[in-house]
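Structure, as structure tokens:
Just the heavy atoms: all of them, side chains too, but no hydrogens, waters or symmetry mates, feed the values below. Numbers here simply count residues along the sequence, with the first being 1.
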Amino acid sequence: MQVRVGLMLIGSLAVTAAVAACGSSGSDMNVNMKGTATSVKPDQSITLQAKNVRFVPDKLTIRMGSVIELKLENLDATEHDFQVDGLDADVMSGGSMNAEHSGGQSGAAMVAVHTMANEKGSVVFMANKKGAYNFYCTSPGHKEAGMVGTLAVE
């Protein structure tokens, strides 16, 4: 049993080291949804906090056609996510979403990011259409409790 645990630990460390060696710390290299590398530097970076089952701020404004990095900083002891519905956007990197929290959407690239308790996550995207869009947390009961906001694309 100890040998098996030791081998699993060594294997995990080897994978971690391989990923770190392939990483691009501090560069502007991202991987798009198709898995190909793209060199993208965000035009705007937004930090959105999930705190006390609320988003801070709850109103965001971005420019259509700008590359946006949205960072979700979860300050609560429970998981949260950010999802915006109906936004025509190209997701360039990030945007992971817990399957049971996808809000019923599937197939299309979705501007969304999931975080565990006291963790951070991000998504890089470009909005292709002007308008006002609602965003919310898809964790059960959070949207109903007021964890919502608006995203204006100008």
Side-chain angles (χ1 to χ4, degrees), residues 4-38 40-62 66-87 89-127 133-153:
R4 182 182 296 166
V5 172
L7 289 175
M8 288 181 358
L9 179 59
I10 290 170
S12 294
L13 291 173
V15 169
T16 301
V19 169
C22 294
S24 55
S25 64
S27 78
D28 297 325
M29 188 66 72
N30 290 312
V31 177
N32 65 20
M33 297 304 283
K34 295 177 183 173
T36 57
T38 60
V40 178
K41 181 174 181 168
D43 298 312
Q44 182 179 1
S45 183
I46 299 169
T47 299
L48 184 65
Q49 293 181 331
K51 182 178 180 180
N52 299 323
V53 194
R54 294 281 186 268
F55 287 116
V56 178
D58 62 357
K59 292 176 178 47
L60 305 174
T61 302
I62 63 172
S66 293
V67 176
I68 308 298
E69 178 182 32
L70 185 132
K71 300 174 186 177
L72 180 60
E73 185 176 297
N74 185 348
L75 301 177
D76 283 341
T78 184
E79 64 184 291
H80 289 300
D81 57 42
F82 164 93
Q83 179 173 311
V84 58
D85 288 341
L87 178 63
D90 295 324
V91 177
M92 298 165 187
S93 72
S96 65
M97 194 65 164
N98 208 353
E100 70 259 17
H101 296 212
S102 67
Q105 293 190 8
S106 62
M110 163 180 18
V111 178
V113 63
H114 177 263
T115 59
M116 297 304 290
N118 301 302
E119 297 278 332
K120 297 176 183 178
S122 67
V123 60
V124 177
F125 67 97
M126 181 172 51
Y133 304 90
N134 295 318
F135 63 84
Y136 56 94
C137 179
T138 67
S139 293
H142 291 196
K143 180 179 180 182
E144 296 76 14
M147 196 166 186
V148 298
T150 56
L151 172 68
V153 179

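Closest approach of Glu79 to His142, counting heavy atoms only: O-CE1, 3.6 Å. Heavy atoms only, all atoms of each residue included: Ala117 and Ala77 are closest at CB-C, 3.4 Å. The nearest pair of heavy atoms linking Leu48 to Phe55 is CD2-CD2, 3.7 Å. Considering every non-hydrogen atom in both Ala127 and Ala89, the closest pair reads CA-CB, 4.1 Å. For the pair Leu87 and Val111, the tightest heavy-atom approach, listed with the atom from each and the gap, is CD2-CG2, 3.9 Å.
Remark: Lys71 pairs with Ser45, Thr47, Glu69, Ser122 by the side chain to side chain contact (heavy atoms under 4.5 Å, CB included) rule, at least two apart or across chains. Partners of Val56 according to the side chain to side chain contact (heavy atoms under 4.5 Å, CB included) rule, which considers only residues two or more places apart in sequence or in another chain, are Gln49. Looking at residues two or more places apart in sequence or on another chain, you find a side chain to side chain contact (heavy atoms under 4.5 Å, CB included) between Asp43 and Ser66, Val67. Judged as a side chain to side chain contact (heavy atoms under 4.5 Å, CB included), and not counting sequence neighbours, the contacts of Ala50 are Leu72, Asn74, His80, Met147. For Phe125, there are no ring pair (Phe, Tyr, Trp, His ring centres under 6.0 Å) partners, not counting sequence neighbours.
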Walk me through it: do Asp81 and Val113 pass the test side chain to side chain contact (heavy atoms under 4.5 Å, CB included)?
CA-CA 6 Å; Asp81 57 42; Val113 63; over 6 Å; no

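Between the side chain of Asp76 and the backbone N or O of Val53, at least one donor-acceptor pair lies under 3.5 Å.
Between Phe82 and Phe135, the ring-plane angle classifies as tilted under the 30° and 60° cut-offs.
Residues Ile68 and Val124 fail the side-chain proximity criterion, which asks for heavy atoms closer than 4.5 Å. Inter-residue side-chain proximity for Asp85 and Gln83 is flagged as met; some heavy-atom pair is nearer than 4.5 Å. Leu151 is listed as a side-chain neighbour of Ile62, based on a closest heavy-atom distance under 4.5 Å.
Atom CG of Leu75 is separated from atom CD of Glu119 by 11.5 Å, given to the nearest 0.5 angstrom. Between Lys120 atom NZ and Thr115 atom OG1 the span is 11.5 Å, to the nearest 0.5 Å.
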